[in-house]
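This report concerns only the one structure given below.
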Amino acid sequence: MARLRKERELKQEPLAEVAGFTQSYLSQIENGRVNLTLLRLNDLAECFQVSPIEFFKDPN
């Protein structure tokens with residue numbers, strides 16, 4: 001997720017607000033400290049306008 005966010009030059013705080021998360025929670029997600037439900041993963045995918053599978057693709 002951090003890769004997609006940085007590719008789109010988005011900051012955590014505005015993205016978190018749109019997704020309905022706190023910036024702290026978004027940071028924890030990016031750092032692998034919390035697990036998302038499929039529903040929340042779908043919410044983030046909608047914010048990025050991508051399929052949820054994009055979060056699992058190897059960037060190389």
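With a 4.5 Å cut-off on side-chain heavy atoms, Leu15 and Phe21 do not count as touching. Annotation: side chain of Tyr25 is in contact with side chain of Leu36 (closest heavy-atom distance under 4.5 Å).
Considering only residues two or more places apart in sequence or on other chains, Glu54 meets the salt bridge (charged side-chain N to carboxylate O under 4.0 Å, His left out) condition with Lys57.
Counting non-hydrogen atoms of neighbouring residues, nucleotides and ligands closer than 6.0 angstrom, the CD atom of Glu7 exceeds 12 such neighbours. Counting heavy-atom neighbours within 6.0 Å of Asn31 CG, excluding the residue itself, gives a total above 12. More than 12 heavy atoms of other residues, nucleotides or ligands sit less than 6.0 Å from atom CD of Gln28.
Note: the hydrophobic cluster containing Val34 also contains Phe55 (ILVMFWY, side chain heavy atoms under 4.5 Å, direct or indirect links). Placement of Leu39 and Leu44 in two distinct hydrophobic clusters is found when ILVMFWY residues are connected by side-chain heavy-atom separations under 4.5 Å, directly or transitively. Connection of Val18 to Ile29 is not established within any shared hydrophobic cluster, with ILVMFWY side chains joined at heavy-atom distances below 4.5 Å, either directly or through further cluster members.
Rounding to the nearest 0.5 angstrom, the gap separating the CG atom in Leu41 from the CD1 atom in Ile53 is 9.0 Å.
Screening residues 16-37 for salt bridge (Lys or Arg N to Asp or Glu O under 4.0 Å), with sequence neighbours left out, gives Arg5-Glu30.
In this structure, Ala45 and Ser51 approach most closely via the heavy-atom pair CB-C, 4.1 Å.
For the 3.5 Å distance criterion, the side chains of Gln23 and Gln12 qualify, holding a donor opposite an acceptor.
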